[in-house]
Each structure stands twice: as structure tokens, then as C-alpha cells.
Number of protein chains: 2
Amino acid sequence: MALYASSVEQALHCLLFLVDMTPEQTFSSNDLAELQGLSPSYVAKLFTQLKNAGLVIAVEGVGGGYQLARSAKDISVLDVVDGLEGGKPLFRCRDIRRNCALFRGSPPSWATRGLCSIHAVMLEAEQRMRQTLKENSLADLAQGVRRKAPQAYMAEVTTWFQSRKT
Amino acid sequence: MALYASSVEQALHCLLFLVDMTPEQTFSSNDLAELQGLSPSYVAKLFTQLKNAGLVIAVEGVGGGYQLARSAKDISVLDVVDGLEGGKPLFRCRDIRRNCALFRGSPPSWATRGLCSIHAVMLEAEQRMRQTLKENSLADLAQGVRRKAPQAYMAEVTTWFQSRKT
DNA sequence: GAGCACGTACTCGGATAGGTGTTGTCCGAGTGATGCCGG
DNA sequence: CCGGCATCACTCGGACAACACCTATCCGAGTACGTGCTC
């Protein structure tokens with residue numbers, strides 16, 4: 001279990017393959033899933049969400065697939081997370097403070113004015129977390145991968161995708 | 001929906017009432033729930049978890065209840081969150097990078113060495129979030145409440161709890 | 001009047017259902033490529 | 001040999017189940033308090 005679902009991880013790994021593409025190149029969700037040992041049906045579902053979020057563009061028909069909707073350096077990890085999780089907050093304040101039995105249904109103004117103290121702390125924590133995710137783009141992540149993986153592997157991946165198009 | 005369950009909110013609101021207590025004073029989960037319009041059964045369950053996490057001490061029998069296990073300034077929001085959510089991480093890395101089909105089941109060392117780039121970003125975001133939650137103690141939160149609530153209200157709460165003990 | 005035993009009411013504690021979200025699967029709609037047929 | 005058309009394979013897209021977790025509830029175990037009895 002984790003706060004962010006595993007769909008985030010799967011989507012990010014798939015998206016990294018889309019970073020170094022020519023404008024005409026597309027990758028089918030099926031190929032992306034199979035290359036990484038993921039469920040093709042589920043990856044397809046995830047890419048539908050990414051498309052609705054405006055992060056990728058879908059090209060239909062034979063030989064079609066997905067490509068990034070904009071430059072990889074303009075797509076942050078936060079964009080991906082929010083696109084999949086619907087921008088859900090770290091903490092949802094239900095204003096418990098309003099329901100104190102002593103108020104008898106009509107809370108005084110001092111109890112409802114401003115932000116709940118607990119909520120304020122959570123918002124700050126969330127904001128810092130989101131800031132970090134926002135500062136890291138897909139291009140940054142891909143750069144990290146490129147630094148690790150040998151050139152031969154990158155070429156092999158390209159070949160593999162091309163062989164799939166035939 | 002939110003990343004943190006509403007149990008966190010309920011528990012924190014309840015715990016704030018335990019901050020200004022004398023060492024002999026205890027609060028039953030039933031009273032704490034009723035005062036705030038929460039489900040008594042569920043709050044009882046939450047306090048069981050808080051007790052297992054070592055944050056509160058249970059006193060059994062008539063007139064018993066809960067009290068903080070240590071000073072309110074030594075209990076952080078993070079302690080409460082982790083006690084309830086079991087310290088679940090922001091992101092669970094399943095090492096998708098190991099499963100690339102091109103590796104045929106035996107990933108090379110460069111693919112498994114070090115931290116997954118995605119995981120690294122998530123860990124940093126998580127660490128910043130947790131740091132914020134760690135910096136805020138129950139005492140800090142209670143201080144914020146005291147600054148808002150009028151003295152009369154605080155006294156009224158005390159009276160309400162005492163009337164429950166008779 | 002004092003001490004003791006008992007009953008009671010209140011507390012915690014864990015085992016037990018219902019609702020919701022995530023994960024995973026399946027089949028249908030649409031589209032571009034391909035091969036075939038006719039000119 | 002060339003152009004048009006039907007077929008087909010591949011892609012996206014949304015509707016459909018299985019599973020797990022969160023929320024909520026209920027009942028049982030244990031304990032301190034209060035009461036009544038006995039000495």
C-alpha cells in the first residue's frame with residue numbers, strides 16, 4: 001500500500017519511453033506495456049486518462065499510438081500524478097470543529113473563521129510535496145535514465161519498437 | 001477522497017482535547033466522539049490504534065479513558081499519521097525497470113544499481129512533506145486553537161467533561 | 001461504625017459487515033494500411 | 001500498369017467484474033466504583 005497508486009508508477013515508466021521521439025513517432029500502449037511486463041489492458045486505460053488530462057496525443061489506426069502533447073521538459077511529475085489521481089488533496093478537511101456539541105448546531109464565527117489549524121499544517125506539507133514533484137519534469141527523469149543505461153540498450157529499444165511496426 | 005483517510009482528521013481533533021490535561025485526567029473515547037459529533041465506535045477503534053502506536057495510554061474501568069503517553073510537544077502530527085496509516089510511503093516502487101522484456105528475466109547490474117529515478121523524486125517529495133508534519137506538534141496545534149477560541153469556551157468544555165464523569 | 005464482598009455500569013478491545021476506490025479484463029468503434037479486382 | 005474498393009489488422013475507448021481498503025458497527029472482556037451486608 002502507498003498513498004499514490006501503482007498506476008502512477010506504471011504511467012511514468014511508460015511515459016519515459018516517449019521522451020526521445022521524433023514528432024512522427026508514436027508508441028502503442030500495447031507495446032509499451034509488453035516491453036515492461038505490464039498489463040496491456042490496464043496501461044491502455046491509463047493512457048486514456050493521460051490523454052484526457054492533455055498530456056499525450058492519441059493517433060488512431062494501424063501504426064498509431066501515443067506521443068507527448070508537449071515538450072518533455074514542460075511535463076512535470078506533478079502533471080502526471082494529478083492527471084491520474086484527479087488532483088486529490090493530501091487531506092480533506094471536513095470541518096469537524098463546526099460540529100462541537102456545545103455549539104448546538106450553530107457554530108460561532110470564531111470557530112468557522114479562517115483555516116482549521118490542522119488543515120493549515122496539512123496544506124503546507126502538501127504544498128511542499130507538490131512543489132518537489134513540480135520541479136521534476138519527464139525530461140529530467142529521462143536524463144537520469146540516459147546517464148545509467150548504456151548506449152547499446154537505447155538503440156536496442158528503438159530497434160524493438162521498430163520491429164513491432166512491421 | 002484524499003490521500004490521507006479521514007481517520008487522521010478525527011484522531012487529531014480528538015487528541016487536541018487531551019493536550020491540556022492534568023496527569024490524572026482521562027477522556028473516554030465515547031465522550032470525545034460525542035462532543036464532536038463523531039461515531040463513538042469508530043473513534044474507539046482509532047484510539048486502539050493510537051494506543052498500539054504508543055501515543056496514548058489507556059486507563060480501564062469506570063471513569064477511565066485515554067491520556068497522552070508523553071508531552072504534547074513531543075507528539076508530532078507525523079506520529080499520529082504514521083500511527084494510524086502504518087507509516088505507508090507516498091510511493092511504492094515495484095522496480096518496473098527490472099522487468100524490461102529486453103532483459104529476458106536477468107536484468108543487468110546497471111538497471112538494478114542505485115535508486116530508480118522516479119523513486120528518488122518521490123522520496124524527496126515525501127521527505128519534505130513528512131518533515132513539515134514532523135515540525136508541527138500537538139502542542140502547536142492546541143496553541144493555535146487557544147488563540148482562536150474564547151476563554152469561556154475552554155471552560156465550558158472542561159465543565160462538560162466533568163459533568164460526564166458523574 | 002468499619003471492613004468486606006458483590007453487583008453494576010462504564011471502559012477498552014477485537015471480531016464482524018457495508019461502501020467505495022483501485023486494479024485488472026473484456027469487447028466494441030474507428031481508422032489506416034494492404035491486397036485484390038477491374039479498367 | 002494504374003486506380004479504386006473492400007477487407008483486415010491494429011489502435012483507441014469505454015463498459016464490465018474482482019479485489020482490497022476504509023468506514024462503521026456490534027458485542028464481549030475486564031475493571032473501578034458504589035452499595036449493601038456482616039461483624
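Throughout, protein chains are lettered first and strands after them, A, B, ... in sequence-line order, and every chain is numbered starting at 1.
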Let me see the working for A/Gln127 and A/Arg130 under side chain to side chain donor-acceptor pair (under 3.5 Å), right down to the final yes or no. CA-CA 5 Å; A/Gln127 202 270 335; A/Arg130 291 172 68 86; over 6 Å; no
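Side-chain N/O atoms of B/Gln131 and B/Arg128 include no donor and acceptor closer than 3.5 Å.
Phosphate contact (OP1/OP2 of D/dA18, side-chain N/O of A/Tyr42, threshold under 4.0 Å): absent. Proximity of B/Ser39 to the phosphate of D/dT25: a side-chain N or O atom is located under 4.0 Å from OP1 or OP2. Look at B/Ser6 and you'll find a side-chain N or O under 4.0 angstrom from OP1 or OP2 of D/dT23. The shortest distance between the side-chain N/O atoms of A/Ser29 and the OP1/OP2 oxygens of D/dT11 is not below 4.0 Å.
Here the side chains of B/Lys88 and B/Asp82 are not in contact, with every heavy-atom distance at 4.5 Å or above. Side-chain contact between B/Asp31 and B/Phe17 is absent, with no heavy atoms from C-beta onward closer than 4.5 Å. Side-chain contact between B/Leu46 and B/Cys14: absent, with no pair of heavy atoms (C-beta onward) separated by less than 4.5 Å.
Residues passing the salt bridge (charged side-chain N to carboxylate O under 4.0 Å, His left out) test with B/Lys73: none are found, sequence neighbours excluded.
Counting to the nearest Å, the P atom of C/dC12 and the CZ atom of B/Phe27 are 12 Å from each other. Distance, B/Leu46 CG to C/dG13 P: 13 Å, rounded to whole Å. Atom C1' of nucleotide C/dA9 and atom CG of B/Asn30 are separated by 13 Å, given to the nearest angstrom. Rounding to whole angstrom units, CZ of residue A/Phe47 and C1' of C/dG24 are separated by 17 Å. As rounded to whole Å, 12 Å separates atom P of C/dC12 from atom CD of B/Gln67. Rounded to an integer number of Å, the gap from A/Glu9 CD to C/dG24 C1' is 16 Å. Put simply, NZ on A/Lys45 is 9 Å from C1' on C/dT23, counting in whole angstrom units. The CG atom of A/Leu3 sits 14 Å away from the C1' atom of C/dT22 (whole-angstrom rounding).
Within 6.0 Å of CZ on A/Arg92 lie no more than 12 heavy atoms contributed by other residues, nucleotides or ligands.
Looking at heavy-atom distances under 4.0 Å, A/Gln10 makes contact with sugar-phosphate atoms alone, never a base. Looking at heavy-atom distances under 4.0 Å, B/Thr26 makes no contact with the nucleic acid at all. Looking at heavy-atom distances under 4.0 Å, B/Ala44 makes no contact with the nucleic acid at all. Among the heavy atoms of the strands lying under 4.0 Å from A/Ser28 are primed sugar atoms or P, OP1, OP2 only; no base atom is included.
Nearest-nucleotide mapping onto DNA chain D: of A/Asp31 and A/Met1, the residue sitting toward the 5' end is A/Asp31. Toward the 5′ end of DNA chain D lies the nearest nucleotide of A/Arg164, the other residue of the pair A/Arg164 and A/Thr48 mapping further downstream. Nearest-nucleotide positions on DNA chain C place B/Gly65 closer to the 5' end than the other of B/Gly65 and A/Lys88.
Closest approach to the A/Val62 side chain among C/dA9, D/dC12, C/dG32 is made by C/dG32 (side chain taken as heavy atoms from C-beta onward).
Of the residues in residues 50-61 of chain B, B/Lys51, B/Ala58, B/Glu60, B/Gly61 come within less than 4.0 Å of DNA chain C through at least one heavy atom, sorted by number.
Using cut-offs of 30° and 60° for the angle between ring planes, the B/His119 and B/Phe91 rings count as tilted.
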